[in-house]
K.L.:
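I'd like to ask you about the structure that follows.
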Amino acid sequence: MEHLLDAVERSTTATVAGCKQLDWEQQRKLVDVGLKATKWFDRFALINLDELDQGQYDGRADFFAVNAAGMLVRRDVWEKLGGFDPAIPGPGDDLDFCARVRLAGHRVLVVPAAKVFHAVDRDHPLGSPTAARKAAIFTRLKHAPLWQVPLLAAGAAVSAIYWLFAGFLLKAPGHAVRMFAATFAGLFHPMALVRSRRSLAKARVQTRSAHKGLLATPAEARNQLKALREAVGPDEDQVEPAQSGPSILEPTGDIHHEAVTPLSASRTAPIVSALGLVLLLAALSLVVLGRLLGASALAGGGLLPVSARLGDVWRHATDWWVSLGSGLAGRGDPFNFVLWILGVLGFGNGSAAVLWLVLLAVPLSAFTGWLAAGAFSRNRWPRLVAGLVWAGAPVLQTALGQGRLGALLAHVLIPLVVLGLVRAAGGAVGADSAVGVRVPGVLPQAADQDGTAAARPTTVKLGRPGVDRNPSWTAAAAAGLALAAVTAAAPTLFPLAVVAVLLATFFLGRRGRTMWWSLVPSIALYLPFAWSARANPRALLGDPGVPLSGNPGPLWEQLLGFPNAVAPVPHLLGGSAAGGSFWTWAAVLLVGAPVVVAAFLALLAPLRRAGTVRALWLVALLALAVAYGSKLLAVSLDGTTLVTPFNGPAVSVALFALVGAALLGFDAVYRRAYEPAFRGRPAKTGSRATAVVLSVVLVAAPAVSLGLWTVNNLNGNATGLAGASLVAPANAGSIPATAADRGTGPEASRTVVLRVLPGGGVRATLMQGAGTTLDAMSTIASAADISGRAGAETVRTPDAATAMLRETVAALMAKSGVDPRPEFLELGVGFVVLQKGDTAAELVAGELEAVPGLDTVGPTDSGWLWRVQPTYRTTGTSDVVNRVRLVDAKGAPVAPVASDGEGVNASVPAGDAGRRVVLAERSDTGWHARFNGQELTAVKDGWSQAFELPAAAGKLEIHYDEPWNGVMGLAQIVLLGLTVLLAIPVRARRGRAGAYRDEASLHKVGRGV
């Protein structure tokens, strides 16, 4: 106080004086010696990290501002200016007050001889970077000329948006969101801003040029921030320590010094071994599945061809109206987005992409399994074994054989999800351990005033994300994108993912602070679909594709990797080779037991990563619980059979968790047996024997599995341990080209496809467009016919549209001579197709020839084809039944109306009063129509959607709307866009780290706060 009073007494114009600020704990460490601001009122102390007081700033006197802590103000000036502005709490009130003092004609002095010890790391919201940002924005608008205020406000808003996305790209989403909110908090106080500007104007006697020469120049601010970023950034000159033993590629989820980190010198890179395994399995897969080569598409089991145009796939993903049968309200399945991405990878041919995914599923699984194994082992051989085990999993062979594309894709991607989550928690151990290491400050150790040695200042360096217990936002976002694809392909895994991620987030503490973001993409992807399925939530758990019933095996079989119950195979190796119950169960144990036994031994062993082994076992048990629970809820119908979700994806999760646990134990034995660090140890011989035994049994399991799969497929696709294959080439469409052309044209005619069943019955399917495709399938439509609580489901009574189709087909088969055209007109049916079959199908074809109103087109590659003769009053308008029609006041069909995709956009001629336009779609409140710009009244025509139409001619527009589509679409774009920004790897280097932070934030990082 004495120094401050002396300074203001010697200078009559100085009315504010401040102290030199020193750290409370390290009393030689500078906090600030006066403050500066840029012309935008960004706060700067211009003090380096860990800078010690050596009198280097004792020459400072006249300064722009001083810290409020220890500030001495002349009383009359304080009262005249009204003290600190209450609209600027926390950091920034001192800058604003000192600026007003200068504009009032006074000076501000910093007195280095006066010292204050400051507790800089207090946990107080008024000292946070958020409060500093809010104060800077408000002060900027307060002190700017009036004409600049709207420009500065707009610039701050644009800058906030830019830095929000930049913060996500630079892996600081929390800080970016807080700064974004603080910016708008500073902008949205117009009344407080008006009062503050009025108060400033009343007390000001000088122009803003009074600040000239005292503000921080752009170069000073830029150099200061650059120096701080380099100080806290990761060191780039660290030398990787040499390591012995086999080397691997260690993916980290982020790009740092290199894309991969070699851990030791080796003749060949580890990727070479992995590629060798992938090529070997690719050759095997192409031989085994060679019958599928050359096919234009695949069908059978749960598979159907994909729409020929990517635009149709995208439309099926984003539409709120399900284009199946007579249509129903519902959002497209999230899996359609995955199909669209596959179509893009297939250069616009989704069916070809699906074909190659099936052909290469085994080698792709080996590669993703090898990649994920890098999170548990650094050694080459254990990782290759893990990749081989994952490629030979029986659950993958079951998914391949039954055409369960979702389960197949989930099996391929599950290892990538696990790898991303491990990296997100910093689970990878790097070659160096730079995270959280305190390094010496810039100056040598000095003594305090009392002569005791002062603690040397330290700087906390930013570490490498994803390794050494340092969390990674990039890995969490990448895991989230992979998890979104997995949960879209296998919806039953979403509850499991939520439980596992939340438990990990809770128990890992700081290490798990990024993992919650991995759930965001799945939530964003499912948001519209969940809203659409709120009336029947069971649709959320339905598998994508054609509903296909399964036969879940007992839990012990699922633990061994077999999702379906294993039945004794008479000829396990084909022909007259070994078979029967004994050899079947021996093969099951040989294939599934080694991984389970190795994982159990790892659970008992005193491993360094025993906690990880226990966590993996917990995940495996949770996955088995999901696999068991999935059979308790019916989600669709396979003809008349209730279908439950496929348990295969949950079995895949359990299996990979066990593979990870077994790998940790195997890697520990392998390192003890072969790494030079253990040379000379007494247990080395025993460890080598154990490693050899584990290698043999772990390699034998997938070898036997793949061998049996190969033999069964090469011997006429015989039934094996994983069942018979239902997938076959689909070179002909489900409906003939003639019907497909009219179905995709403006007529939008529907086609009834008849198939004679082995028992003599006939199954009828009403198809739209060019036929039902994989992306047109809907779990909402599949679950629509089911009601009741879990375990006690019943099949609903068919609605009017379904009943009309069944009754009309029954009349056709009864040879009653009844004209089916009135019903076909209501259903929008323009064609009838009878699929090729045996003699029974030929007899049915002969009977259909005699049905009135059906014109024979003839046999086609897809079956026998008939065209339905239209009965419109206006003749010559169309030779086929259209989806949309005009009817008179009595309901008689007058003329067809052209369709425009899902809706209508056509000109309608004048007609009689009381007429209506009728769609062959189920009625729903989401349908809207406008005629010459005027909204039409929606009515029902039986079960069909209709609108009252004026007699005049005009333009007719019909479309289906979901009121929340815009909001949910925007939410999806924002959340998925931010996730992609987080997932983009950014090279961590000095000078770039913390580029989104201000000076105060960088100081906090450097102090480890």
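The model shown is predicted, which means the values in this text are computed figures rather than measured ones.
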K.L.:
With Thr368, which residues qualify under side chain to side chain donor-acceptor pair (under 3.5 Å), at least two apart?
P.N.:
none

K.L.:
Should Leu293 and Leu355 count as side-chain neighbours, where that means a heavy-atom distance under 4.5 Å?
P.N.:
no

K.L.:
With sequence neighbours left out, which residue pairs that include part of residues 387-425 fulfil the ring-ring contact (aromatic ring centres under 6.0 Å, His included) condition?
P.N.:
Trp390-His411, Trp390-Phe656

K.L.:
If you compare all heavy atoms of Leu388 against all heavy atoms of Pro702, which two are closest, and at what distance to 0.1 Å?
P.N.:
O-CB, 3.3 Å

K.L.:
If we ignore hydrogens and angles and just use 3.5 Å, is the side chain of Asn349 paired with the main-chain N or O of Ala352 as donor and acceptor?
P.N.:
yes

K.L.:
List the atom of Leu616, the atom of Gly660, and the distance in Å for their closest heavy-atom pair.
P.N.:
CD1-C, 3.5 Å

K.L.:
What distance separates Arg380 CZ from Ser273 OG, expressed to the nearest 0.5 Å?
P.N.:
3.5 Å

K.L.:
Within the side chain of Trp617, is there an N or O that forms a donor-acceptor pair under 3.5 Å with the backbone of Ala599?
P.N.:
yes

K.L.:
Check whether any side-chain heavy atom of Ile414 sits under 4.5 Å from a side-chain heavy atom of Leu493, and report yes or no.
P.N.:
yes

K.L.:
Could you tell me whether the side chain of Gln558 and the main chain of Gly553 form a donor-acceptor pair under 3.5 Å?
P.N.:
yes

K.L.:
Run the numbers on Arg291 and Ser725 for side chain to side chain donor-acceptor pair (under 3.5 Å), then give the verdict.
P.N.:
CA-CA 12 Å; Arg291 68 184 187 278; Ser725 178; 2.9 Å; yes

K.L.:
Just jot down the side chain to side chain donor-acceptor pair (under 3.5 Å) partners of Ser695, sequence neighbours excluded, or say none.
P.N.:
Trp381

K.L.:
Distance-only, no hydrogens or angles: does the Glu557 side chain make a donor-acceptor pair with backbone N or O of Val566 under 3.5 Å?
P.N.:
yes

K.L.:
With a 3.5 Å distance limit and no angle check, can you tell me whether Asp543 reaches the backbone of Phe646 through a side-chain donor-acceptor pair?
P.N.:
yes

K.L.:
Identify, with sequence neighbours excluded, every residue that meets side chain to side chain donor-acceptor pair (under 3.5 Å) alongside Trp517.
P.N.:
Thr979

K.L.:
Short question: side chain of Ser377, backbone of Arg383 - any donor-acceptor pair under 3.5 Å?
P.N.:
no

K.L.:
Side chains of Ser365 and Pro415, heavy atoms from C-beta outward: is any pair under 4.5 Å?
P.N.:
no

K.L.:
Compile the donor-acceptor pairs under 3.5 Å between side chains in residues 587-596 and protein atoms, sequence neighbours left out, one pair per line.
P.N.:
none

K.L.:
Quick one: does Ser652's side chain have a donor or acceptor within less than 3.5 Å of a partner on Gly648's backbone?
P.N.:
yes

K.L.:
What side-chain donor-acceptor pairs closer than 3.5 Å can you find for residues 399-408, not counting sequence neighbours?
P.N.:
unit_1 : atom_1 : unit_2 : atom_2 : d
Gln402 : OE1    : Arg404 : NE     : 2.6
Gln402 : OE1    : Arg404 : NH2    : 3.2
Arg404 : NH2    : Leu548 : O      : 3.1

